[in-house]
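These notes are about the structure you will find just below.
By convention in this document, chain letters (A, B, ...) are assigned in the order of the sequence lines, proteins followed by strands, and residues within each chain are numbered from 1. What you see is a predicted model; the values in this text were computed from it and never measured.
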Amino acid sequence: MRLTAYLIPTLREDPAEAEVISHRLMLRAGMIRRVAAGIYSYLPLGYRALRKVEGIIRREMDRAGALEVFLPVLSPAELWRETRRWDAYGKELMRMQDRHGRDFCLGPTHEEIVTDLVRREVKSWRQLPLNLYQIQTKFRDEIRPRFGLMRGREFGMKDAYSFDRDEEGVQKSYATMFETYTRIFEQCGLNFKAVEADSGPIGGSFSHEFMVLAETGEDLLLNCPGCGYAANLEKAEIALPEEQAGAEEHRPVERKETPGQRTVEEVSAFLECGPSQLVKTLLYEADDTVVAVLLRGDHQLNETKLKNYLGAGALGPASPEKIEKVTGGPTGFSGPVGLDGVRIVADEQVRHLVNFVTGANAADTHLVNVNFGRDFAASEWADVKAADAGDPCPRCRAAMEKVRGIEVGHVFKLGTKYSDAMGARYLDENSEEKSIVMGCYGIGTGRTVAAAIEQNHDGDGIIWPVPIAPFEVVLLTLNVREQVLMEASEKLVGELEDRGVDVLWDDRDERPGVKFKDADLIGCPVRVVIGGKSYKRGEGEIRIRRTGEQSAAPLGQLAARVEDLLGQIQ
RNA sequence: CGGGGCGUGGCGCAGCCUGGUAGCGCACCUGCUUUGGGAGCAGGAAGUCGGAGGUUCAAAUCCUCUCGCCCCGACCA
């Protein structure tokens, strides 16, 4: 491809609209342009990279036996009402009406559509298992779109849905997709990790996220360097604390005046004890009942873990009025002692504390030397602390580390949530009617491109992994007014294309410096230079973008050398 | 939705406080020179100063409303 016939509007300066590196580089390299918040156009170069990622996904999905389909973006409300998601999805669902006033939405995901298809067409166990996938544009009216392609309101996604006869079948489908995703992201040149995740309102019993490790990631992960356990912060468990030998003796409870001291910092400073000697009592409202949560003063609550533990539909902090009514004291002075009739959930990490400080359920008063059993009874224990760096791994007790990640893929075991709601059933060998067991599997395509850039760049620009590079090679002809250089270049382009190499030929009448800068920015893995100096020696120059490694080769051998190199570098 | 910031040729910005009719760098077009890491000179084209209303002899500048964009948070697959 001749650059003079192509469209790559590179920018010398960072556009003000972009903060994160992948967004800046995609704008500067002329890959994308913003149309509205969270909505982007792909220019030719950006689209080529996207298509490369899609190609890898198609190849691997097909190989795993999944069948490609193409489902509509526009989706009638009735299907969403069947699963109650028309209401449950909330404002994120892009809604619209047709000319007759009928409700529609732009699909944010396609469980309803695909389940509707399958319930009509699949009746027999002989038709299962089945895995349908598509690469489609999705719409989610995100509260805050950001970071370019990272979180958009309109974005590309590969979504797949597996349909199996039973639990054993969906296990197998899930495992196959897990392996497939691993292969896909490896080919995209990504350093990623599959982590255990909370399955959230999409439902289902089991879920993994594929996370690309990057500073700019929106998700926090806990990672165990010891055994490889990794989980989303929302999900991350913590090993149960070990009982301490030779614990202190229980001292008598004391009531202390703590005027105006509400927060953990204030109280611990006032009473001259560490925050870890405090047990804070958080009052939450879970589906209209108040629950008291006991947590060590220096720990944070993980609301998702609490919500899952309680099995609650809605969960939120209780209002100050409610707290006063339930505890008899104002906020900031709540405690478990004498808290009759309230369900008390104590975090596992406070189980072995002795002689700790709590609120006294009265204004400006705290209790010192409180102990379990003697002073109050916790109704139950649960792991509800938000995991943090240094917490012990639930599998091997090694200290976990906290890292950031970009979620590029997510696999769910759905079970029969959608098939039950929509009546997707089949007849088994014994003529018994059963619900189809489902799984669903997503990959953000544009986000994968962005994540690849986050992980593969330097101060000069993008460094494409070969499999997803929009062009594998950029050829710079340093002076296009010299006929011999042009002839040699054109010949080389032909030779490379004959070998199936994607080559971008910079045939612009620009000074060499401009071409070098643009080539670095665009980031093709291999750069070839045809210039006066080396041409006199009958050579062309080859440079590896990632390493900067340079070499020269006789003009006649250039194409072969380049092809060879592309096979070697990642 | 709460907080913060920003809207001035394609891009990056100055001008605004203290009103006087728009400027700089890059990019773009023409010509000449130049050609191994973002060239030089000369000439040129291009802007409803986000929008509406108001104050004023006069508004990019002051006031009110409004729209859009970015960042933090809350929210959410």
[N], OP1 or OP2 - any side-chain N/O from [X] closer than 4.0 Å?
X	N	value
A:Arg146	B:C72	yes
A:Arg12	B:A27	yes
A:Arg144	B:C72	yes

Between CG on residue A:Asp460 and NZ on residue A:Lys517, distance to nearest 0.5 Å: 5.5 Å
Value rounded to 0.5 Å, distance of CG in A:Leu301 from NZ in A:Lys280: 8.0 Å
Starting at atom [atom1] of [X], determine the distance to atom [atom2] of [N], rounded to an integer number of angstrom.
X	N	atom1	atom2	result
A:Asp14	B:C71	CG	P	14 Å
A:Glu218	B:C76	CD	P	15 Å
A:Asp141	B:C1	CG	C1'	13 Å
A:Arg511	B:U35	CZ	C1'	5 Å
A:Leu7	B:G10	CG	C1'	13 Å
A:Leu43	B:G10	CG	P	17 Å
A:Met150	B:A77	CE	C1'	17 Å
A:Lys307	B:C75	NZ	C1'	11 Å

[options]: which one has an atom nearest the side-chain heavy atoms of [X]?
X	options	value
A:Val514	B:U35, B:C70, B:G38	B:G38
A:Ala37	B:C69, B:G12, B:A77	B:C69
A:Arg140	B:A74, B:C69, B:A77	B:A77
A:Glu19	B:G12, B:G37, B:C71	B:C71

Using a heavy-atom cut-off of under 4.0 Å over every strand shown, decide if [X] touches base, sugar-phosphate, or nothing.
X	answer
A:Gly442	nothing
A:Arg481	base
A:Glu209	base
A:Glu541	base
A:Arg151	nothing
A:Arg33	nothing
A:Ala18	nothing
A:Phe147	sugar-phosphate
A:Asp520	base

Salt bridge between [X] and [Y], side-chain N to carboxylate O under 4.0 Å?
X	Y	result
A:Arg545	A:Asp458	yes
A:Arg119	A:Glu82	yes
A:Lys417	A:Asp420	no
A:Lys491	A:Glu487	no
A:Asp388	A:Lys402	yes

Span that lies between the [atom1] atom of [M] and that of [N], in whole angstrom:
N	M	atom1	value
B:G44	B:G4	C1'	43 Å
B:U61	B:G15	P	15 Å
B:C28	B:G38	P	16 Å
B:C72	B:C11	P	23 Å
B:G53	B:C41	P	45 Å
B:C65	B:A46	C1'	32 Å
B:U21	B:A59	C1'	9 Å
B:A22	B:G47	P	13 Å

Test of ring centre spacing under 6.0 Å for A:Phe412 and A:Tyr161: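 Distance test on ring centres: not under 6.0 Å, no.
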Does [N] have a Watson-Crick or wobble mate here (both distances under 3.5 Å), and if so which one?
N	value
B:C16	none
B:A42	B:U30
B:G9	none
B:U56	none
B:C1	B:G73
B:U35	none

Distance-only donor-acceptor test, A:Glu13 side-chain atoms vs B:G25 base atoms, 3.5 Å: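 Indeed, a donor on one side and an acceptor on the other fall under 3.5 Å apart.
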Base B:G38 paired with A:Asp518 side chain (donor-acceptor, <3.5 Å): yes
Residue whose nearest RNA chain B nucleotide is more 5′ - A:Arg508 or A:Ala16: A:Ala16
Contact nearer the 5' end of RNA chain B, comparing A:Lys533 with A:Gly148: A:Lys533
Quiz item: cation-pi between A:Arg48 and A:Phe471, 6.0 Å / 45°: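 Output yes; distance and angle both within limits.
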